[in-house]
Structures are given as C-alpha cells and as structure tokens.
Amino acid sequence: CVSFDTACCAALVANHSGLRALQLEECSTALVAGVTLMLEPVYSMAFALAGMTSARGRSHTFDARADGYARGEACGTVVLSVAGSLSSPLSAKGSAVRQDGRSASLPARNGSAQRGLLLAGLEDASIAADGVTLAEAHGTGTGLGDPIEAGSLAGALLAGRKSTLLLGGIKANIGHAEPAAGMSGLLRMTLGLRDGEAAPNAQLRV
C-alpha cells in the first residue's frame, strides 16, 4: 500500500506506478484510488484569497469566461491487471511521469515540460500522435493555465494530423478534485472509450 502526494496528478502518478508494477511482474493486479474530501473551509478560503478559484463558482474549461477553478470532491478507483486476468475491453498501452519544469507560479505551467510529458507517453505506448483520438485535459478553467495546456496539446498531438482529436475536461462538470482530479478524468475517458462516445464539455460557450 503506497500513498502518493503530487498535488493534482497524485492519482495519475499512482496509476503509473501500478502499471509499472504490472509490467515488471511485481504483481498481477493493482488497485488504484484517488480521493478528495473538503472537510475544512480553511483551504477553500486560502485558495479564494489567492485568486485561484472562480468567482462564478464554476470551472469554465477552455472558455473565454475562465476566471479560476471550482473545488470539488471525488472518490474513484480502477483495477489494473495483467492481460486476460479480468474481462475488460480496454488496455493501457503506456504511461509517463515527468517533472513540471520551471514556471513563474503554480498556475503558470511550463508548456515545454507538458509537451515533453505527452511525447514521452506516446513513445512509451509505441503509438503515433495521430493514433490518439481522445484527450482528457487538466483544464482547470484559468485564463493562464488553459491556453498553455492547449498549446502543449497542439504541439504534441496536432502537428501533421489528419484525423479529428476530441478534447474533454471533467472539471467543468464536477470541479477540480485536486489529488483525485486525475482519477476523475481517467474514469471519464475510460467510459468514453468503452462506449465509443466523447462527453460534451460543460460550461463551454465562447
């Protein structure tokens, strides 16, 4: 049992660790969970005073109204297993974890580092960018972070592309679940791949 604390990507780093354990034959099944509960108001107050949360109370992901994120609670779990041990039509092709890179502040992400992460994931999965049909964005709904992320996705996945890339962001639906945010996005993307459908982006108007 291992606990990961890498802020917003904690559940995805845990998922990466579980996948690597399977690939290295350290185990045959891995249970990965992400949980966030808002039990104390002090954190919401601190984030609001720092100007990080939305005055409208919504995460307007990739929308012109983006003014910060809304906090959210979540609890999600996935079971990873070696091929054939569980009946599931989905398989994980690869994974990657990288350092965020230098930036001016927490919301100001490093676009070059993000592109490096995406390209490392493609390389680990042994697939070309054109083979990605659906991307689940971090998409917090900030006027600073969202454009950087959109540029990173475009740089890594759209160059020379002929097919359509569908882009989603679950924070517009349920808010930013912080350590459980990655698990929320992973589950939404998994359901979309299973059903052959991409969920619409809530709050996207302009």
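All values below were derived from every heavy atom in this structure, side-chain atoms included, with hydrogens, water molecules and symmetry-related copies excluded.
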Joining Ile, Leu, Val, Met, Phe, Trp and Tyr whenever any side-chain heavy atoms lie under 4.5 Å apart, the cluster holding Leu49 also takes in none

Residues clustering with Val2 (ILVMFWY side chains joined when closer than 4.5 Å, directly or via others):
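Traced through the cluster, Val2 reaches Phe4, Val13, Val97.
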
Of Leu167, Leu166, Thr164, Leu165, the residue whose pairing with Leu134 passes side chain to side chain contact (heavy atoms under 4.5 Å, CB included)
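By the side chain to side chain contact (heavy atoms under 4.5 Å, CB included) criterion, Leu134 pairs with just one of Leu167, Leu166, Thr164, Leu165: Leu166.
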
Contacts of type side chain to side chain contact (heavy atoms under 4.5 Å, CB included), residue [X], not counting sequence neighbours:
X      : result
Leu24  : Glu26
Gln23  : Leu19, Arg20
Ala199 : Arg188
Leu186 : Leu12, Asn15, Val78, Met183, Met189, Thr190

Kindly write out the residues that satisfy salt bridge (charged side-chain N to carboxylate O under 4.0 Å, His left out) with [X], not counting sequence neighbours, or none if the list is empty.
X     : answer
Arg98 : none
Arg56 : Asp67
Arg71 : Glu178

Set of residues satisfying side-chain hydrogen bond (donor to acceptor under 3.5 Å, both in side chains) with respect to Asp63, sequence neighbours excluded
Arg65

How many angstroms lie between [atom1] in [X] and [atom2] in [Y], if you round to the nearest 0.5 Å?
X      : Y      : atom1 : atom2 : answer
Cys9   : Asp100 : SG    : CG    : 6.5 Å
Ser59  : Ile174 : OG    : CD1   : 9.5 Å
Ser28  : Leu80  : OG    : CG    : 11.5 Å
Leu122 : Lys93  : CG    : NZ    : 13.5 Å
Ser112 : Arg102 : OG    : CZ    : 12.5 Å
Leu157 : Asp130 : CG    : CG    : 10.0 Å

For the pair Arg109 and Thr140, evaluate side chain to side chain donor-acceptor pair (under 3.5 Å) and give the outcome as yes or no after the intermediate values.
CA-CA 12 Å; Arg109 301 175 200 128; Thr140 52; 3.0 Å; yes

More than 12 heavy atoms of other residues, nucleotides or ligands under 6.0 Å from CE of Met45: is that the case?
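For Met45, atom CE is not crowded (no more than 12 foreign heavy atoms under 6.0 Å).
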
If only atom types and distance count, is the side chain of [X] paired as donor or acceptor with the main-chain N or O of [Y] below 3.5 Å?
X      : Y      : value
Asn110 : Ala113 : yes
Gln99  : Gly101 : yes
Asp195 : Glu197 : no

Show, in sequence, the C-alpha distance, side-chain angles and deciding distance for Leu31 and Thr77, and conclude whether the side-chain contact (heavy atoms from CB on, under 4.5 Å) test is met.
CA-CA 7 Å; Leu31 183 66; Thr77 305; 3.2 Å; yes

What are the two closest heavy atoms between Thr36 and Pro179, and how far apart are they?
OG1-CD, 3.4 Å

Sorted by chain and number, sequence neighbours left out, ring-ring contact (aromatic ring centres under 6.0 Å, His included) with His176 holds for Tyr69, His138

Any side-chain hydrogen bond (donor to acceptor under 3.5 Å, both in side chains) pairs touching residues 149-162, not counting sequence neighbours?
Gln114-Ser152

